[in-house]
Each structure stands twice: as structure tokens, then as C-alpha cells.
Amino acid sequence: MTKKRIAKEHINAFLARLLEDYIVYAPAEEANYVTFRQITAPEEVVWDCLVTRKPPKDVVFPQTETLFTYTKDADVLRLQSMEAVEKERILWGVRPCDAQAMLIQDAVFDTPEDRDVYYTNKREKTWLIGIGCNQPLSTCFCTSVGGGPFKKDGMDLFLTDIGEAYLAEALTAKGKRLLHGRGFRRATKADLKASDAAEQTALQRLPAPMSMDIIKQHLDGMMDSPFWDEIQATCLGCGICTLLCPVCYCFDIVDEGTTTCGQRVRNWDTCQYSIYTLEASGHNPRPGGRQRVRQRLMHKFNYHLVNQNLVGCVGCGRCVQLCPVNIDLRQLLAEIGAAE
Amino acid sequence: MTTRTQSPKISVNSVPNPYLPLPMRIERIHVETDDEMLKTFDLAFAREEDAAGFDFRPGQFCEISVFGKGEAPFGIASSPTETGPLRFTVNKVGVVTTALHNMNEGELVGLRGPLGNGYPLEQFEGHNVVIVGGGFAFTTLRSLTHYLLDPGNRSRFGEIIIIYGARRPGLLLYKEDLAAWERREDISVHLTIDREAPGWTKHVGFVPDVVERVAPSAESTYAVIVGPPVMIRFTLPKLRALGFPPEQVFSSLERRMKCGIGKCGRCNIGPYYVCKDGPVFSLAQLESLPQEY
């Protein structure tokens with residue numbers, strides 16, 4: 001596909017042009033952290049944040065979202081679905097790990113038998129402009145789970161920082177249409193070489209791949225392992241590892257309102273809470289921390305492979321960064337991989 | 001596994017939206033048990049066009065909405081061979097079910113479905129079927145029994161045996177149906193209660209013991225067992241002793257559910273979602289899963 005260069009001094013003008021036609025979400029400051037939010041000016045973009053606090057899943061699968069409003073009188077029930085999406089959106093500055101996570105969520109929400117229109121309507125109007133990670137963080141481990149700091153899967157357009165300029169690569173027809181206008185020049189051989197060099201340098205900073213097949217196989221035999229007790233002994237069950245995971249897609253559905261009018265809302269949820277599976281009778285199929293920490297790893301590294309042939313982890317390291325008791329998923333995976 | 005039937009779905013912009021419930025009118029409310037904790041709700045489609053497209057099989061379930069309170073999953077107790085409203089029997093136990101119990105005939109609720117796989121009827125064809133139920137879990141077993149006994153279906157199945165128990169006579173569901181089935185020649189019905197009660201002339205004792213006493217042959221026979229976990233736990237060894245292999249035993253699981261279409265995650269057990277891949281599983285499948293049900 002087409003590769004062009006754009007000098008860094010022109011990149012904001014490019015983004016400003018996109019802002020005229022699209023709703024743009026980009027890493028930007030919100031309260032005390034950087035997260036994907038709608039921006040109105042290129043200057044709002046925080047360029048050096050690799051791992052935003054909230055992953056971009058929030059744009060297509062919002063943390064809280066009204067599915068429909070209802071009004072009900074004695075004779076008529078009226079539902080007003082909120083599924084329609086008018087304007088096209090651009091996710092600017094998406095990292096390869098977060099793009100891979102969206103591909104995994106696509107496989108969950110966009111199934112032929114039951115399309116989740118709230119997700120797919122947004123997703124179909126969302127274009128991804130990604131950027132490679134020249135300097136992966138110490139918590140990054142995309143290469144361990146099959147990803148890479150310059151992996152372009154799911155991207156429409158991909159930027160690589162080559163010093164004074166970005167190498168811009170169109171990966172889809174849409175990306176190609178976006179990739180023109182003032183500031184873009186033909187990429188030189190030196191640009192391509194600089195891009196390769198950036199990728200090689202980044203790869204050296206990242207850990208070696210792990211065998212996801214071996215981890216899956218070992219997990220097959222670990223349902224009753226004491227391993228889970230060790231994790232749950234420290235785990236607080238706060239759920240942050242799952243709520244802010246770019247892959248995790250569990251949700252709750254609740255009604256807000258009265259019997260005659262209100263709305264049905266869905267919210268992110270987590271398998272790490274006991275109430276998640278608690279039944280009205282009081283019975284809870286996953287009553288303890290042991291079952292819940294097991295569920296998180298089993299789902300990501302075993303069940304997901306069975307169902308989708310995809311690992312339910314992209315190595316972004318948010319769970320490693322944000323765990324209040326320093327449970328390190330990389331360490332857990334290494335132990336599972338090494339288990340007898 | 002059996003294939004699931006397609007439900008009619010309300011659509012906006014021609015793409016069906018699986019989250020929008022159909023309006024249903026409560027046509028009849030019947031107090032099912034003498035403790036009044038179980039009520040049967042007959043729900044009629046508020047719009048005729050919805051009824052035409054609603055095609056289900058025994059063992060499937062629906063999400064019923066009580067607006068302002070939420071949704072909860074319930075097995076369909078009526079059979080596709082019965083005409084008229086859809087039937088659900090509801091135990092008053094949580095927020096949605098309590099709200100439902102407080103509603104009146106004529107009021108509107110929402111319904112999404114049918115959901116889940118249902119019983120593997122094609123597999124049962126040409127074989128005997130033993131139906132083992134306990135307590136208020138007889139709902140989809142009522143649907144199944146009506147289906148098997150329907151004049152258009154009866155000849156496609158062998159012997160049909162029902163073993164159904166409750167703590168006491170007043171807690172048995174569907175007493176009229178049970179009485180009608182007892183009068184028939186082409187089904188054998190074994191009812192049991194936990195302890196002797198005045199006027200009770202049928203079995204006394206727990207379901208597993210009655211299964212042992214009735215001793216259905218495993219030869220060319222499928223067993224469907226639905227009830228409280230403790231009943232299932234003690235009945236399975238009896239079925240095994242009678243020679244039933246795990247491939248010939250089916251059960252229906254209950255789990256907390258929200259979406260009902262395999263997305264929201266909470267009914268996940270192993271690689272399965274109870275709402276989408278179940279709720280009906282063979283014992284062979286269940287034996288491969290973590291004990292998370």
C-alpha cells in the first residue's frame with residue numbers, strides 16, 4: 001500500500017483537516033491522566049503517551065451507554081433505540097496493541113447470528129490512524145502475546161516516527177483516501193530505512209515471545225491447581241485489570257427509571273466482582289477469589305483460544321501498571337508456561 | 001448441539017437489534033404453588049406480527065423485562081405445539097421476579113427471545129425419553145412433555161417416563177397437566193413428595209430414590225434431568241448405575257444472565273456461554289467443564 005512522508009511541522013495541519021470532517025478521538029488529558037477522548041484542536045493530542053488510562057474501546061463500547069429509552073402506559077410500550085450513529089469518527093494515535101484488542105472485540109460483538117448494533121454501528125464508522133511505538137514502556141509485552149510495536153493489523157493509516165517526519169502508510173482504501181493533501185511527500189528510501197531501524201530498536205526493548213499454545217495446554221490441567229490460591233491471596237478483587245483491559249468486553253445491563261419511563265443502560269462490568277455471577281437465590285457459581293482470578297486467566301488464555309483462536313490479551317500492560325497490589329500478568333504467564 | 005431457531009427481532013435501519021424487547025400483555029396470572037411463591041404468567045404478543053415470527057423449541061428461554069426493574073431469564077413453559085400465549089412460571093426471589101409477581105393481568109412487559117439451544121429433539125427421535133424433574137424447575141420439562149405427547153409427534157418417540165418430585169403436594173407445578181398425563185396410556189408418570197402427607201397415595205421419598213425404584217432402562221433411552229443442584233448431584237449416580245452413559249443424559253443449566261446472546265460474559269463456563277451454547281448440555285459436556293454452575 002501507499003507510503004508517504006509528512007514532516008512533523010505539517011502533522012497538526014493534517015489533523016486539523018480531519019477535524020473538519022470527522023469526530024476525532026485521540027490521547028488527550030482528562031483530569032489527571034491521558035485517555036482517549038474527543039478533541040477539537042490538534043494541540044490537545046498528547047503524543048508521547050503509549051498507554052492511555054482508558055483504552056480506546058470506550059469509543060465503540062462506552063463505559064456507560066443508553067441502549068434505548070422506554071415509555072409505557074396501559075396500552076402502549078414505546079422504545080427509542082439509541083443505536084444510530086451519524087458522523088464518522090477517527091481514532092487518532094491508536095497503538096498496535098489497542099487496535100488488536102478492537103479486532104478481538106469485533107469477533108465478539110459482530111457475529112452473524114446476533115450483531116450487537118450498538119457496537120457495530122459505531123465500529124463501522126470508526127477509522128483507525130495508528131502510530132508505532134518507538135520506545136515501548138517497561139510494562140509493555142505485546143511481543144509476548146503475538147503482537148508488535150509496529151503491527152498494523154486493524155489500522156487504516158499508520159504513522160511511524162522517523163525523526164523529523166512521520167512515515168505514513170495507508171493500509172486500507174479508506175486510509176489511502178485520507179493520505180493526501182498538503183504536507184505529504186513521496187517517501188524516500190532513507191525514510192523506509194529509518195522506519196525499519198525504529199522498529200528494530202523498539203523490538204530490542206521488548207520481551208521474547210511466549211508460547212500461547214503451551215500456556216493454553218498447561219491451563220487445561222490447572223483448574224484445580226493451588227496456583228489460583230496464591231494469586232487470590234494478594235488480589236483485592238478491585239477489577240481494574242479487567243475494567244481497563246482493552247480486550248475485556250463484559251457488561252451489565254440495568255434499567256434506570258420508573259415502570260412508566262426511563263432508559264435501559266449497559267455498563268462495563270468485570271468477572272472479578274462476586275456480584276457478577278451472584279444469582280437472586282443467593283447461589284454463586286464463582287463464590288471466591290480463587291474462582292474469579294482463575295476465570296480471568298482461563299478466559300483470556302484458554303477459552304478465547306478455543307472459541308476465536310485468538311489470545312484475549314494484547315500485552316498493553318495496563319493491568320500491570322494499574323494493579324494496586326502489583327500482580328504482574330507477565331509473571332503469572334511465565335509461571336503457567338513453566339508449570340509441569 | 002442443536003441449531004437455534006431465529007427469533008423475530010425489532011429492527012431499526014433494517015439491521016435487527018437483539019436488545020429490543022417485544023411488547024407482551026399479561027393475559028393470565030395463575031398462582032402455581034400453595035406457598036404462593038410461584039406464579040405462572042401467560043404472555044400474549046401485544047402486536048400480532050410479532051407472534052407470527054416467534055418460533056421456538058422446548059428448552060429455550062426468554063429474557064422478560066419489567067421496565068424500570070430490569071430483565072431476567074425464564075425457561076419457556078409452554079410448548080410450540082400449544083397455540084395461544086407463551087407461558088412462564090416465575091419464582092419470587094429477586095428484584096425482577098418480585099416486581100413481576102406484583103403485576104396485574106392486562107399489564108405490559110417486554111420479551112426477548114427465544115434464546116438458547118433447547119432440548120436435542122432430533123437426537124431423541126426413535127428413542128425412549130425419561131424426564132426427571134424437581135421442584136420449580138419443571139418449566140421447560142412441561143414444554144418438552146407437551147411437545148413429545150403432541151399427536152403430531154408422539155409416534156416419533158418411544159416410551160416416555162416422567163419422574164417429578166416436590167417437597168410436598170402443594171409445591172408441584174402444573175397439577176392439571178400432571179393429572180391429564182396420569183390418565184394417559186402413552187406416558188408413565190411418577191410423582192413423589194419428600195414426606196408422607198394426608199391424602200397422598202403416590203411415591204414418597206427423594207427423586208434419586210424414586211429413579212432407583214422406577215429403574216428405567218438405559219437401552220435406547222435419553223434422560224433429561226432438571227432440578228435443584230442437590231437433586232441432580234444425587235440422581236446422576238443412580239442413572240449411571242442404571243447404565244446411562246453421559247452422552248444420553250441432558251440437563252439445563254441456570255446462570256445469571258444479562259444479554260442472552262453470548263456477549264456480556266457472565267454465564268461463561270469454560271469455552272461455553274450458557275445462554276448461547278446452552279442452557280441444555282449433555283452430561284458428557286458438563287463433565288468437561290469447571291464446576292461453575
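Here is how names work: the chains are called A, B, and so on, in the same order as the sequence lines, proteins then strands, and each is numbered from 1.
The heavy-atom pair separating B/Asn17 from A/Ser81 by the smallest distance is ND2-OG, 3.4 Å. Contact between B/Gly94 and A/Ala280 at its shortest, heavy atoms only, is CA-CB, 3.9 Å.
Atom NZ in B/Lys263 sits 10.0 Å away from atom CZ in A/Arg115 (nearest 0.5 Å). Between the OH atom in B/Tyr19 and the CG atom in A/Asp114 there is a gap of 8.0 Å [rounded to 0.5 Å]. Between the OH atom in A/Tyr276 and the SG atom in B/Cys264 there is a gap of 6.0 Å [rounded to 0.5 Å]. Rounding to the nearest 0.5 Å gives a distance of 9.0 Å between CD of A/Gln295 and CD1 of B/Ile269. With rounding to the nearest 0.5 Å, the separation of CG in B/Asn268 from SG in A/Cys271 is 8.5 Å.
Judged by a 6.0 Å distance limit and a 45° cone about the ring axis, B/Arg266 is not positioned over the six-membered ring of A/Phe251.
Using a 4.5 Å cut-off between heavy atoms, A/Tyr118 touches chain B through its side chain atoms alone. Only the backbone of B/Tyr293 comes within less than 4.5 Å of a heavy atom of chain A; no side-chain atom from C-beta onward does. Of the two parts of B/Val66, only the backbone, made up of N, CA, C and O, holds a non-hydrogen atom closer than 4.5 Å to a non-hydrogen atom of chain A. Neither the backbone nor the side chain of B/Thr97 has a heavy atom closer than 4.5 Å to any heavy atom of chain A. For chain A, the nearby parts of B/Cys259 are the backbone and the side chain; heavy atoms of each come within less than 4.5 Å. Only the side chain of B/Met103 comes within contact range of chain A, with at least one heavy atom under 4.5 Å from a heavy atom of that chain. Proximity to chain B is absent for every atom of A/Leu219, based on heavy atoms less than 4.5 angstrom apart. At a 4.5 Å heavy-atom cutoff, A/Glu256 makes no contact with chain B through either its backbone or its side chain.
In terms of non-hydrogen atom pairs under 4.5 Å with chain B, the most contact-rich of A/His283, A/Met223, A/His304, A/Arg264 is A/Arg264. Per-residue counts of heavy-atom pairs under 4.5 Å with chain A were compared for B/Ala72, B/Pro229, B/Gly262, B/Gly270; the largest is that of B/Gly270. Per-residue heavy-atom pair counts under 4.5 Å with chain A were compared for B/Gln291, B/Glu254, B/Arg25, and the maximum is reached by B/Arg25. Taking A/Asp73, A/Asp75, A/Val306 one by one and counting their heavy-atom pairs under 4.5 Å with chain B, the maximum is reached by A/Asp75. Ranked by heavy-atom pairs shorter than 4.5 Å toward chain B, the options A/Asp252, A/Val108, A/Thr258, A/Leu305 are led by A/Asp252. Contact tally against chain B (heavy-atom pairs below 4.5 Å) for A/Thr111, A/Leu278, A/Leu67: the top residue is A/Leu278. Most heavy-atom pairs under 4.5 Å with chain A: of the set B/Pro290, B/Gly265, B/Pro271, B/Gly110, this distinction falls to B/Pro271. Counting heavy-atom pairs under 4.5 Å between each of A/Thr277, A/Asp116, A/Thr259 and chain B puts A/Asp116 at the top. Counting heavy-atom pairs closer than 4.5 Å to chain B, the top residue among A/Thr260, A/Asp269, A/Asn284, A/Val254 is A/Asp269.
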Test log, rule side-chain contact (heavy atoms from CB on, under 4.5 Å), inputs B/Glu292 and A/Arg294: CA-CA 11 Å; B/Glu292 292 177 345; A/Arg294 183 179 69 189; 2.8 Å; yes
Evaluation steps, side-chain contact (heavy atoms from CB on, under 4.5 Å), between B/Arg256 and A/Ile275: CA-CA 10 Å; B/Arg256 187 173 190 178; A/Ile275 196 171; 3.7 Å; yes
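No hydrogens or angles considered: nothing links the side chains of B/Tyr273 and A/Asn307 as a donor-acceptor pair under 3.5 Å.
Ring planes of A/Tyr70 and B/Phe67: tilted class, angle from 30 to 60°.
Residue-environment remark: CD (A/Gln308) exceeds the threshold of 12 foreign heavy atoms within 6.0 Å. Counted within 6.0 Å of CZ on B/Arg28, heavy atoms from surrounding residues, nucleotides or ligands total more than 12; the atom is thus considered enclosed. Within a 6.0 Å sphere centred on OH of A/Tyr249, heavy atoms belonging to other residues, nucleotides or ligands number more than 12. Counting non-hydrogen atoms of neighbouring residues, nucleotides and ligands closer than 6.0 angstrom, the NZ atom of B/Lys39 exceeds 12 such neighbours.
Considering only heavy atoms from C-beta on, A/Lys72 comes within 4.5 Å of B/Leu108 through its side chain.
Between the side chain of B/Lys258 and the main chain of A/Ile253, a donor-acceptor pair closer than 3.5 Å is present.
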